[in-house]
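Note: hydrogens, waters and symmetry copies are ignored here, and every other heavy atom, side chains too, is used. In this text, all values refer to a predicted model and were calculated from it rather than measured experimentally. Atoms within a ligand are numbered from 1 in the order they appear, just like the ligands themselves.
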Amino acid sequence: MGETRRVETLVVGGGIGGLSAALALSRQGIPVHVLEKAPEFREIGAGIQLAPNASYALDRLGVLEEVRKGAFFPNRLVLMDALSGGPITALDLGEKFVEKFGYPYFVVHRGDLLDALFDGCRSAEGITLEASKDVVAVDSRPDRAIASCADGSVYEARALVGADGLWSTTRKLLVDDSRPLCTGYVSYRGTIPMEKMTKHAGLDELSDMVIWTGPEMHFVHYPVRRGELCNLVVSFRSKKYTAESDDWGTEEELDAVFSSPCEQVLNGVRLVNRDRRWSLHDRLPADTWSRDRTTLLGDAAHAMYQFVAQGAAQAMEDGLVLADSLAAFGDDVPAALAAYQRNRYPRTSRVQWLARRFGEILHVGGIGADLRTALLSQRATDDYEIADWLYSYRAGLHDAAAQVAGAAGSG
Ligand SMILES: Cc1cc2nc3c(=O)[nH]c(=O)nc-3n(C[C@H](O)[C@H](O)[C@H](O)COP(=O)(O)OP(=O)(O)OC[C@H]3O[C@@H](n4cnc5c(N)ncnc54)[C@H](O)[C@@H]3O)c2cc1C
């Protein structure tokens, strides 16, 4: 067994969630140590959408301006029919949207987002970042939490946060479920230089974020890095899916599924990066993320489908509420982690369900698709009611004093 290091707060995983949590904790004056399995703190070469609730979180983390430097601000979110090529509905993202939600909707390269969080962490007080640290076991005791790494090193912490993603090691300690759930969907994604994107590839209008949807498939494109790159994502449900094998969602299937959409989609899908595929998963909401001095955050806590583009936003919100809770409860770490879970669980489980439902709406075929299009095409493009609860949310432990008093009263 290697050396044992004592740290204040330990975050396992240095992705968007882990680094956001580190920044949030540092802004509350709480020292934090981050362990990342990979040799570097990096994100994949694809885009990410950031709704106003994510902007608010980034603003509180002090990195919004940095992130916005590489951003692209689409005029509209547009939903198109991938088979007919016709419009279904759209959401205007102009002045009225910003007035309503306080922040714009924008898209960035994931690398730019992670770099901004990483640089923010490096220049913040009290954050230590360690790469090449694969946490293989976690233990939670009433007086401390313990993480053991593959290289033999051991960390003891006052509080431990599992921000180690979909396949979280920390989760195994806290939640009694096994593998993430999969319904056979797979995505291919990546960015290409904008000049490679012709209007025949689906971008007649370079300033929109576009989703082309069809039966059990969709194709998304939007500009990133100030419009210099175009992000392309294609997703479909594989008929060959089995939990036991990896031989599904292949390129051949991709070409077969997208053999007869409209011309723009056909041309766009040809440009999508095929080097790697992502099988898509979510989990059922579970309300046992926190025990003693250990908790979960981001995909480790509430993995969700990407269909409403909220996974990273929810992870950032988690970090802020977690830091607020630890600051408010002082020495009572278990009460702080319980308050964090109480605050976040209703919202994150609602977003998990929304992502599933929206996936069903996106991927319906036949008469269902006709009905969806008929209904959605009637809505006004500046009707924001449907997104209000999601985008207007302001992450924080807003009733901190009452919660601390309540916990003391019940103790
Ligand atoms: C195709 C697709 C599109 C998406 N689009 C959007 C979008 O537009 N908007 C949005 O908000 N969300 C989107 N999401 C969701 C979003 O990417 C995730 O929800 C988010 O990245 C989760 O962040 P995380 O930090 O919780 O987990 P991760 O990003 O998975 O980070 C976990 C980190 O922990 C590290 N780690 C894992 N195990 C260990 C270990 N044992 N020890 C140490 N370190 C470990 C990993 O290396 C990784 O760095 C999308 C997801 C997909 C698949």
Side-chain angles (χ1 to χ4, degrees), residues 10-22 33-44 46-55 57-58 77 105-110 113-114 117-118 129-138 147-151 153 155 160-173 180 182 185-190 209 211 218-220 222 224 231-235 272-273 276-283 296-319 348 351-352 355 359 390-391:
L10 188 68
V11 174
V12 179
I16 294 168
L19 294 188
S20 299
H33 199 105
V34 183
L35 301 179
E36 165 57 42
K37 169 165 79 171
E40 285 178 278
F41 290 76
R42 288 193 69 177
E43 256 289 351
I44 57 154
I48 190 159
Q49 304 170 47
L50 296 172
N53 55 311
S55 281
L58 290 168
L77 296 181
Y105 195 106
F106 67 88
V107 285
V108 289
H109 193 282
R110 282 171 176 265
L113 172 62
L114 201 83
L117 291 168
F118 182 67
L129 301 169
E130 274 196 277
S132 300
K133 284 286 180 186
D134 183 4
V135 173
V136 290
V138 174
S148 308
C149 299
D151 62 7
S153 53
Y155 292 77
L160 186 149
V161 184
D164 44 354
L166 182 66
W167 300 95
S168 168
T169 300
T170 318
R171 185 180 176 101
K172 290 178 195 146
L173 177 77
C182 182
Y185 274 90
V186 66
S187 288
Y188 288 78
R189 60 179 163 164
M209 208 229 76
I211 307 174
H218 73 267
F219 169 55
V220 175
Y222 53 82
V224 290
N231 184 61
L232 305 170
V233 188
V234 60
S235 307
V272 178
N273 180 1
R276 187 181 155 188
R277 64 181 196 270
W278 281 264
S279 49
L280 305 184
H281 298 83
D282 75 349
R283 288 195 184 265
L296 301 175
L297 173 150
D299 279 6
H302 42 66
M304 57 185 68
Y305 284 119
Q306 81 254 31
F307 309 139
V308 288
Q310 277 288 323
Q314 295 306 308
M316 293 180 221
E317 291 181 359
D318 287 347
T348 55
V351 185
Q352 283 175 293
L390 189 57
Y391 295 168

**Message:** Within the structure provided, determine whether Leu117 and Ser20 are in side-chain contact (heavy-atom separation under 4.5 Å).
**Reply:** yes

**Message:** Among all the protein's non-hydrogen atoms, which is closest to atom 31 (O) of ligand 1, and how far away is it?
**Reply:** Gly15 CA, 3.7 Å

**Message:** Considering non-hydrogen atoms of the protein only, which is the closest contact for atom 32 (C) of ligand 1, and what is the distance?
**Reply:** Ala163 O, 3.4 Å

**Message:** Pairs of nitrogen or oxygen atoms closer than 3.5 Å, one from Ala309 and one from ligand 1: do any exist?
**Reply:** yes

**Message:** Among all protein heavy atoms in this structure, tell me which lies nearest to atom 28 (P) of ligand 1, with the distance rounded to 0.1 Å.
**Reply:** Gly165 CA, 4.2 Å

**Request:** Could you tell me whether Ala313 and ligand 1 have an N or O pair separated by under 3.5 Å?
**Result:** yes

**Asked** Side chain or backbone of Leu35 under 4.0 Å from ligand 1, or both, or neither, by non-hydrogen atoms?
**Response** backbone

**Asked** Which residue supplies the protein heavy atom nearest to atom 29 (O) of ligand 1, what is that atom called, and how far is it?
**Response** Glu43 OE2, 4.1 Å

**Item:** Validation row, ring centre Phe307 to ring centre His218 under 6.0 Å
**Value:** yes

**Fill in**
The closest protein heavy-atom partner of atom 23 (O) of ligand 1 is Gly17 N, 4.0 Å

**Message:** For a side chain to side chain contact (heavy atoms under 4.5 Å, CB included) check, start with the C-alpha distance between Arg171 and Arg283, then their side-chain angles and the critical distance, and finish with the verdict.
**Reply:** CA-CA 12 Å; Arg171 185 180 176 101; Arg283 288 195 184 265; 3.2 Å; yes

**Asked** Does the pair Asn53 and Gln314 meet the rule for a side chain to side chain contact (heavy atoms under 4.5 Å, CB included), with working shown?
**Response** CA-CA 9 Å; Asn53 55 311; Gln314 295 306 308; 3.8 Å; yes

**Item:** Leu280 N/O to ligand 1 N/O under 3.5 Å
**Value:** no

**Item:** Minimum-distance protein heavy atom relative to atom 7 (C) of ligand 1
**Value:** Ile48 CG1, 3.4 Å

**Fill in**
When distances are taken from atom 34 (O) of ligand 1, the protein heavy atom at minimum range is Gly13 CA, 3.2 Å

**Message:** Under a 3.5 Å cutoff, is there a donor and acceptor pairing between the side chains of Gln306 and Ser187?
**Reply:** yes

**Message:** Geometry only, no angles: is Val135 polar-contacting ligand 1 at N/O separations under 3.5 Å?
**Reply:** yes

**Item:** Under 3.5 Å side-chain donor-acceptor pair for Tyr222 and Gln49
**Value:** no

**Asked** Identify the closest protein heavy atom to atom 48 (C) of ligand 1: which residue and atom is it, and at what distance?
**Response** Glu36 OE1, 3.5 Å

**Request:** Closest by any non-hydrogen atom to atom 53 (C) of ligand 1: pick that one out of Arg189, His281, Lys37.
**Result:** Arg189

**Message:** Ring-plane angle category for His33 and Tyr155, please: parallel below 30°, perpendicular beyond 60°, tilted otherwise.
**Reply:** tilted

**Request:** From the options Thr170, Asp164, Asp299, select the one whose nearest heavy atom is closest to atom 39 (C) of ligand 1.
**Result:** Asp164

**Message:** Considering both backbone and side-chain atoms of Gly311, is one of its nitrogen or oxygen atoms within less than 3.5 Å of a nitrogen or oxygen in ligand 1?
**Reply:** yes

**Item:** From CA spacing to verdict: side chain to side chain contact (heavy atoms under 4.5 Å, CB included), Tyr305, Leu280
**Value:** CA-CA 7 Å; Tyr305 284 119; Leu280 305 184; 3.9 Å; yes

**Asked** Any N/O of Ala312 closer than 3.5 Å to an N/O of ligand 1?
**Response** yes

**Item:** Identity of the nearest option to atom 4 (C) of ligand 1, non-hydrogen atoms only, from His302, Arg110, Gln49, Gln310
**Value:** Arg110

**Prompt:** Does a donor on one side chain and an acceptor on the other come within less than 3.5 Å for Gln310 and Tyr391?
**Reply:** no

**Message:** Side chains of His302 and Asp318: any donor to acceptor distance under 3.5 Å?
**Reply:** yes

